[in-house]
Protein chains: 2
Amino acid sequence: MANVNSLADDRTAVPAPSRTSRAAIVRAAAETLEAEGLHGLTMQSVAARVGVRPPSLYKHVDGRDALVRLVAEAAVGDLIALLAAAAPEDSEPRGALHAAAAALRTFGKDRPGAFRLIFSPGPPSTRPGPDVALLAVAPVLRIATELAGPDDALEAARTITAWASGFIAMEIAGAFGLGGDVDRAFDYGTARIADALSRR
Amino acid sequence: MANVNSLADDRTAVPAPSRTSRAAIVRAAAETLEAEGLHGLTMQSVAARVGVRPPSLYKHVDGRDALVRLVAEAAVGDLIALLAAAAPEDSEPRGALHAAAAALRTFGKDRPGAFRLIFSPGPPSTRPGPDVALLAVAPVLRIATELAGPDDALEAARTITAWASGFIAMEIAGAFGLGGDVDRAFDYGTARIADALSRR
DNA sequence: ACCTGAACACCGTTCAAGT
DNA sequence: ACCTGAACACCGTTCAAGT
């Protein structure tokens, strides 16, 4: 039978259900980032990947910069989990430093786009909030405190982070083009940094 | 009197003289980079700065990526000069390390856009040629050789470069937001790195 | 409540036409 | 030999109209 209250139905039409979601969009953007680079991470490519038209994305995210920021924050979250797993609270600091550095390096090689988003960020509107970034520092700060003592903990943590992020950024960028064993240079650096920071 | 060979003049019309030059374009692009960021470095903004229309730029440079690369190469050239001046061939290595690190840091703070172009490069088409990048390493390699000895020179040089570039990249990015004395952390890192690499 | 086509501003790049 | 306007493809974003 014909619907007797089609007018009412039209007025109270069931709102169109989402054909995508913020989580799916962020995931698609992260994949596009690694596949095409930050330059190729466009609203159009992401929209095509999740199966909607570009304007629809604006119902879920505030725009491209905001989307890049969400991708960066998700990546920091993943990195925090990796570092926490590699360097548990009660682990011996020298071994923990080695494990955390190796975990960061693996992350950088697996997801160079995400690594760059975290350590070579663009305009402020695309950067993770400071609260998110702070959490990632916790394991390094613990290691630095045990190695260098509380008075130098902050400086030591910054030395570790600067060296590791700088090394991996160079490796990703292909700055180690000519010769040498990159693995050996990384191990050498880890050992020297650990020596240098250890309370004497 | 009327020119009797105006036809010939038209045929052999003096070619339009350049209203700009590659050097002026690269300079304008470098200024735009620092003033507006890499995102704001557009063919339109550069053209306006040198006083021509955007298509005219293509008579002097191959396109935006090529222009970015020229800016990067010019910046590397400037940096090489700064490092060479800060750490002369015959200087004592520990002092030279301190001076070179300080020079790099000053460069990064003065020209963050150029610094990022060198140490956090984008697509290959925008990167300085490897030959240019190699020259910048020379003073660091000399210092590393004297500190760590020839066998570990390459690894030591990579440790120095990774730490310094990572530290300054973080500082430029504002990653040292919360507390602590950044100058002290830099001095601490310099001293610890020098200790760690010194032949024992 | 979300999706869409159309539209606008902006950018990189090409090209025929000017001088 | 260089400069220009016009044009094209592409991108981010807005908005009225659909369901």
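Chain naming here is simple, since letters A, B, ... match the order of the sequence lines and numbering starts at 1 in each.
Between the P atom of C/dA1 and the CZ atom of A/R53 lies a distance of 25 Å, rounded to the nearest Å. Nucleotide C/dC10 holds its P atom 18 Å from the CZ atom of A/R64, rounded to whole Å. One interatomic measurement links the two molecules: CG of B/L67 to C1' of C/dG12, which rounds to 12 Å at whole-angstrom precision. Here the P atom of nucleotide C/dT19 and the NZ atom of B/K59 are 17 Å apart, to the nearest Å. Atom CG in A/D65 sits roughly 7 Å away from atom P in D/dT13 (whole-Å rounding). Following rounding to the nearest Å, B/H39 (NE2) and D/dC11 (P) show an atom-to-atom distance of 14 Å. One can place OH of A/Y58 at 17 Å from P of C/dC8, the figure rounded to the nearest angstrom. Whole-Å rounding puts the A/M43 CE to C/dT4 P distance at 14 Å.
For A/S18, taking side-chain heavy atoms from C-beta onward, the closest of the listed nucleotides C/dC2, C/dT4, D/dA6 is C/dC2. When each of D/dT4, C/dT13, D/dG12 is scored by its nearest atom to the side-chain atoms of B/P54, the top-ranked nucleotide is C/dT13. Which of C/dA6, C/dG12, D/dA6 sits closest to the side chain of A/P55 comes down to C/dA6.
Between the side chains of A/R27 and A/T32, no donor-acceptor pair is found at a separation under 3.5 Å. Neither side chain, B/S18 nor B/S21, offers a donor N or O lying under 3.5 Å from an acceptor on the other.
Checked against the 6.0 Å centroid criterion, the rings of A/F176 and A/F167 qualify as a close aromatic pair.
For C/dC3, one of the phosphate oxygens OP1 or OP2 lies less than 4.0 angstrom from a side-chain nitrogen or oxygen of A/H60.
With contacts defined as side-chain heavy-atom distances shorter than 4.5 Å, the pair A/M43/A/L67 qualifies. By the 4.5 Å heavy-atom criterion applied to side chains, B/T20 and B/H60 are counted as neighbours.
With sequence neighbours left out, A/F115 forms a ring pair (Phe, Tyr, Trp, His ring centres under 6.0 Å) with A/F119.
With B/R116 contributing its side chain and B/L38 its backbone, the two residues share no donor-acceptor pair below 3.5 Å.
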Open item on the list: What does the 5'-to-3' dot-bracket notation of DNA chain D look like when only Watson-Crick and G-U wobble pairs under 3.5 Å count, and pairs to other strands show as |?
Closed with: ||.|||||...|||||.||
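Looking at residues 19-26 of chain B, you'll see B/R19, B/T20 sit with a heavy atom under 4.0 Å from some atom of DNA chain D.
Within the nucleic acid shown, A/S56 comes within 4.0 Å of at least one base atom, counting heavy atoms only.
With salt bridges taken as basic N to acidic carboxylate O contacts below 4.0 Å, one links B/K109 and B/E171.
Transitive grouping of hydrophobic side chains (ILVMFWY, heavy atoms separated by less than 4.5 Å) keeps B/L70 and B/V76 in distinct clusters.
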